[in-house]
Engineer: 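Here it is, the structure in full.
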Amino acid sequence: MTGPNPNYVRDNACSDHDGPVLCIAADEVVTQHTFKGSGSYRNAPRLGRELSLSVFRGSVSARDATNYVRFGRQVEEWEKLKIRVRRLDVGKLRAAGLAVVHTPGRRVAYPEHCSVVWPPDDPVNTQVADWPPEIQAAFAACFTGEEEGWEE
Amino acid sequence: MNLDALVKRGEVPWCPSPDATDCDAWLVWDHPRAGTFRIGPDLALFTVVSDNDEDLSVWAYVPVQGDVEHLFAKARFATGPELGEFISAHFAGQMAVFAVASDLLVAHWGEYPVPTGADGLAIAATAFVSSLIASARPMTRLQAALAGAAAVNAIPEPVSN
């Protein structure tokens with residue numbers, strides 16, 4: 001089986017003069033999206049499938065987040081009832097031993113896209129999917145308490 | 001391109017064959033959701049059709065003809081919806097491969113024509129999944145129908161007196 005692309009973060013990292021890690025300030029928040037309702041956010045990549053978790057830089061609405069994930073395809077009314085976004089504190093993510101890498105992509109212009117990576121030593125070049133339980137718990141604990149659903 | 005060679009069981013949907021090379025993710029959210037890969041010299045376009053963070057997801061694949069391959073090499077999109085329109089236009093009117101993945105590994109697939117129109121991919125994917133359900137035993141089909149009805153909140157809550 002072909003696994004996740006180990007060069008994805010490096011190839012999609014931004015070219016900001018501060019670098020793709022430090023260009024995201026510690027006092028910023030990032031937004032995580034789920035289709036399955038509160039309490040269903042993922043706290044680690046899927047082993048053998050992914051190497052990082054995607055988040056949006058800043059406070060992105062559930063509608064805009066879904067529009068990116070679905071690339072504009074229709075969202076059904078029953079789906080809107082479950083879609084949620086939550087905010088995570090970048091400073092806390094770093095303190096927890098994770099890195100937030102700005103990865104806006106090459107094909108689709110989406111300047112808000114970032115990748116949360118573990119371990120933080122060389123996150124642009126090296127990502128490990130098998131986050132230890134304490135790292136998963138620490139990731140979840142970076143939730144700021146702010147969560148939104150779909151708003152018309 | 002031999003459509004049957006596009007996907008293999010047990011592979012990730014965005015690089016769905018041991019023979020796939022140049023796997024190029026155009027849009028990523030945790031994992032690739034649209035992009036291209038090659039089987040030998042031939043280019044193929046892929047897209048997720050339905051993926052709601054559940055265990056099962058549906059993906060679609062179509063060959064890219066040589067005379068339009070240059071459009072793919074230089075393709076850049078200002079927004080996600082612009083990418084969606086490009087993909088829908090390329091699938092419209094084509095015979096495509098649809099695959100259902102379990103835990104992001106290809107499990108079943110089949111060839112279906114994609115009608116023109118904004119819902120073409122969804123219509124063809126529904127025909128594919130319906131064929132999988134139709135091949136099951138009657139009680140399993142009933143359970144699938146009930147699960148589907150519950151998923152779309154089609155069954156109203158009982159009114160208590």
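Residue numbers begin at 1 in each chain, while the letters A, B, ... track the order of the sequences. Here the structure is a predicted model, which is why all the values come from computation and not from measurement.
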Engineer: About how many Å separate CG of A:D64 and OG1 of B:T79, when rounded to the nearest 0.5 Å?
Structural biologist: 11.5 Å

Engineer: Less than 4.5 Å to any heavy atom of chain B: does that hold for the side chain of A:I83, its backbone, both, or neither?
Structural biologist: neither

Engineer: Measuring heavy-atom distances to chain A, does B:F86 have an atom under 4.5 Å in its side chain, in its backbone, in both, or in neither?
Structural biologist: neither

Engineer: Would B:D103 and A:R46 pass as an ion pair if we require N to O under 4.0 Å?
Structural biologist: no

Engineer: Can you check whether A:Y8 reaches B:H31 side chain to side chain, under 4.5 Å on heavy atoms?
Structural biologist: no

Engineer: Given a strict heavy-atom distance threshold of 4.5 Å, which part of B:T47 is in contact with chain A: side chain, backbone, both, or neither?
Structural biologist: side chain

Engineer: By number, which residues in residues 99-118 of chain A have some heavy atom less than 4.5 Å away from chain B?
Structural biologist: A:R106, A:R107, A:V108, A:A109, A:H113

Engineer: How many angstroms lie between atom CG of B:L83 and atom CZ of A:R73, to the nearest 0.5 angstrom?
Structural biologist: 8.0 Å

Engineer: At what distance, to the nearest 0.5 angstrom, does CZ of A:R49 lie from CG of B:L105?
Structural biologist: 4.0 Å

Engineer: With a 4.5 angstrom heavy-atom cut-off, could you sort out which part of B:A78 is near chain A: side chain, backbone, both or neither?
Structural biologist: backbone

Engineer: Highest number of heavy-atom pairs under 4.5 Å with chain A: which of B:A118, B:A75, B:S88?
Structural biologist: B:A75

Engineer: Check A:N67 against B:P81 and note the closest heavy-atom contact, atom names and distance.
Structural biologist: ND2-CG, 3.6 Å

Engineer: Which atoms of B:D51 come close to chain A, meaning under 4.5 Å heavy atom to heavy atom: side chain ones, backbone ones, both, or neither?
Structural biologist: backbone

Engineer: My understanding is that only one of A:F71, A:F35, A:F56 makes a ring pair (Phe, Tyr, Trp, His ring centres under 6.0 Å) with B:W29; could you say which?
Structural biologist: A:F56

